[in-house]
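Reminder, nothing fancy here: chain letters follow the sequence lines and each chain counts from 1. Since the structure is predicted, the reported quantities are computational estimates derived from the model, not experimental observations. Scope of the values below: all heavy atoms of this structure, side chains included, with no hydrogens, waters or symmetry mates.
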Amino acid sequence: MVPVLAQMERYGVKVDRDTLSRMSNAFAQKMAGLEAEIHEVVGHPFNVGSPKQLGEILFEEMGLEGGKKGKTGAYATGADVLEDLATEHTLPGLVLDWRQLSKLKSTYTDALQDHINKETGRVHTSYSITGASTGRLASTDPNLQNIPIRSEEGRRIREAFVAEEGKVLIALDYSQIELRLLAHIADLPALKQAFADGQDIHAMTASEMFDVPLDQMTPEIRRQAKAINFGVIYGISGFGLARNLRIPRAEAQGFIDRYFERFPGIRTYMDDTKAFAKEHGYVQTLFGRKIHTPEIASKGPRAGFAARAAINAPIQGTAADVIRRAMIRMPAAIEGMPAKMLLQVHDELLFEVDKGAEDDLINAARDVMENASDPVVKLDVKLTVDAGTGANWAQAH
DNA sequence: AGTGCAGGCCAC
DNA sequence: AAACGTGGCCTGCACT
């Protein structure tokens, strides 16, 4: 019996070189145009890809306000800084566009071509089972767990991940698994009920927090609640939420206080988890796997990082346990089917399946994934899995 | 020419 | 004192 991870590495995923090559050329053209425009705005040529040079141009040559230097004495020119500056000047927006294309070209359309195996025509990533402290896998050479999806431009890179002739790709992903596990672990009745009722979870949170009826929900209020939901999983702070939502810190802290009021289990969970970590030097997933937290006793800035990591670890770690249990059971569950499990992306499994066998695979794989915690852990919240099918990874989502 | 870090940015 | 968790890869740059 070949171990699951080794099987996946051997199968690999088919990647179409021509698609990547065409996209790469298109990116190069657009970058050249932007670069010329950027040099014109600045008045002289420079290396657009050098944050150091850009910072000096923005904050010294051009004299824009708000330049902040980091530890190394260089001005910060990250996307958040440039987005703020974009209201003052045309240059930052142009640089942001250039950087997006540069990232997509260098890291994806160019680098992925170099990873296509000559014999198989496929890309074979490597998975490290000890790659992340929480128990997640880590993918390297190439990392196939960070292929773009959020931006329209980037998402198209997934069109190069294709099924062979006569086959399709099928993506199955857990819906909101970490929030569901949070509802169970922190014992949040309102959240559990919302999942049981199949509600829009961020809208429900917004409704509870801001006293807005669901039928009067606005996208903006929902967006704020979504940011808070994610923040809670990560061990939220008023400062961090303020930065994310771009609102005053006092207002962000007010949101958090309100959240704790409406979902009191959250505060108990956070306090209990920190106390447990301090006493034992580790925290645990629902399955009893230990995640060591040696820095929990630190003083200074490290203390905050360690506390947030300890709060996040049981949630992220339990999700990692769940999908790993599913992966281990998968070969037996799909035995005899013309289907191969190709990739894992934390809450998603990607399969390549003969046309005609889609429904069988989805039924079998979904059943394994949704029940992966059985029989060791009985969850108060059902795990649900969304499925998509297509000729490429973009369509399968 | 190789090495390692910093800054930046992609994913969940 | 820093400021939301887990990762990996790319370029620039300083260094040997």
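In this structure, CD of A:Glu56 is placed 13 Å from C1' of C:dC13, rounded to the nearest angstrom. At whole-Å resolution of the value, CD1 in A:Ile177 and P in C:dT6 are 18 Å apart. In this structure, A:Tyr127 atom OH and C:dG8 atom P are separated by 13 Å, rounded to whole Å. Atom CD of A:Glu295 is separated from atom P of C:dA1 by 18 Å (rounded to the nearest Å). The CZ-P distance, from A:Arg249 to C:dA2, rounds to 14 Å in whole Å. Between the CG atom of A:Leu179 and the C1' atom of C:dG5 there is a distance of 13 Å, given to the nearest Å. We find that NZ of A:Lys299 is positioned 14 Å from C1' of C:dA1, with the value rounded to whole Å. Rounded to whole Å, the distance from CD on A:Gln113 to C1' on C:dC10 is 16 Å.
Within the 4.0 angstrom heavy-atom criterion, only backbone atoms of the sugar-phosphate kind lie near A:Gly49; the bases stay farther away. Residue A:Ser102 is out of contact with every strand shown, counting any heavy-atom pair closer than 4.0 Å. Within 4.0 Å of A:Phe305, counting heavy atoms only, lie sugar-phosphate atoms of the nucleic acid but no base atom.
In the displayed structure, A:Arg223 atom CZ is contacted under 6.0 Å by more than 12 heavy atoms of other residues, nucleotides or ligands. Sparse packing is recorded around CZ of A:Arg156, with 12 or fewer heavy atoms of other residues, nucleotides or ligands lying under 6.0 Å away. Under a cut-off of 6.0 angstrom, the local environment of CD in A:Glu261 is crowded, with over 12 non-hydrogen atoms contributed by other residues, nucleotides or ligands.
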Got a list of side-chain donor-acceptor pairs under 3.5 Å for residues 22-34 of chain A, not counting sequence neighbours?
{"from": "A:Ser24", "atom 1": "OG", "to": "A:Asp110", "atom 2": "OD1", "distance (Å)": "2.5"}
{"from": "A:Asn25", "atom 1": "ND2", "to": "A:Ser21", "atom 2": "O", "distance (Å)": "3.4"}

Annotated protein contacts, base or backbone, on nucleotides 5-12 of chain B with a non-hydrogen cut-off under 4.0 Å, one of B, S, - each: -SSBBBSB

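Both A:Thr134 and A:Thr140 lie near DNA chain C, and the one whose nearest nucleotide falls closer to the 5' end is A:Thr134.
Not counting sequence neighbours, A:Thr273 has no partner by the side chain to side chain donor-acceptor pair (under 3.5 Å) test. For A:Arg17, the side chain to side chain donor-acceptor pair (under 3.5 Å) criterion is met by no residue, not counting sequence neighbours.
Between A:Phe255 and A:Tyr259, the gap from one ring centroid to the other reaches at least 6.0 Å.
Nearest to the side-chain atoms of A:Ala132 among the listed nucleotides C:dA2, C:dG5, C:dG7 stands C:dG7.
Without hydrogens or angle criteria, A:Ser139 side chain to A:Tyr127 main chain gives no donor-acceptor distance under 3.5 Å.
Shown for residues 7-17 of chain A: no residue has heavy atoms falling under 4.0 angstrom of DNA chain B.
Across the P atoms, C:dA1 and B:dG8 are found 23 Å apart, a figure rounded to whole Å. Comparing the C1' positions of B:dC5 and C:dA3 gives a spacing of 23 Å, expressed to the nearest Å.
Applying the 4.0 Å criterion to OP1 and OP2 of C:dG5, one finds that A:Arg308 has a side-chain N or O inside that range.
Sorted by first and then second residue, the salt bridge (charged side-chain N to carboxylate O under 4.0 Å, His left out) pairs involving residues 384-397 of chain A (not counting sequence neighbours) form an empty list.
With A:Leu144 as the fixed residue, the side chain to side chain contact (heavy atoms under 4.5 Å, CB included) test singles out one of A:Val15, A:Leu112, A:Val345: A:Leu112.
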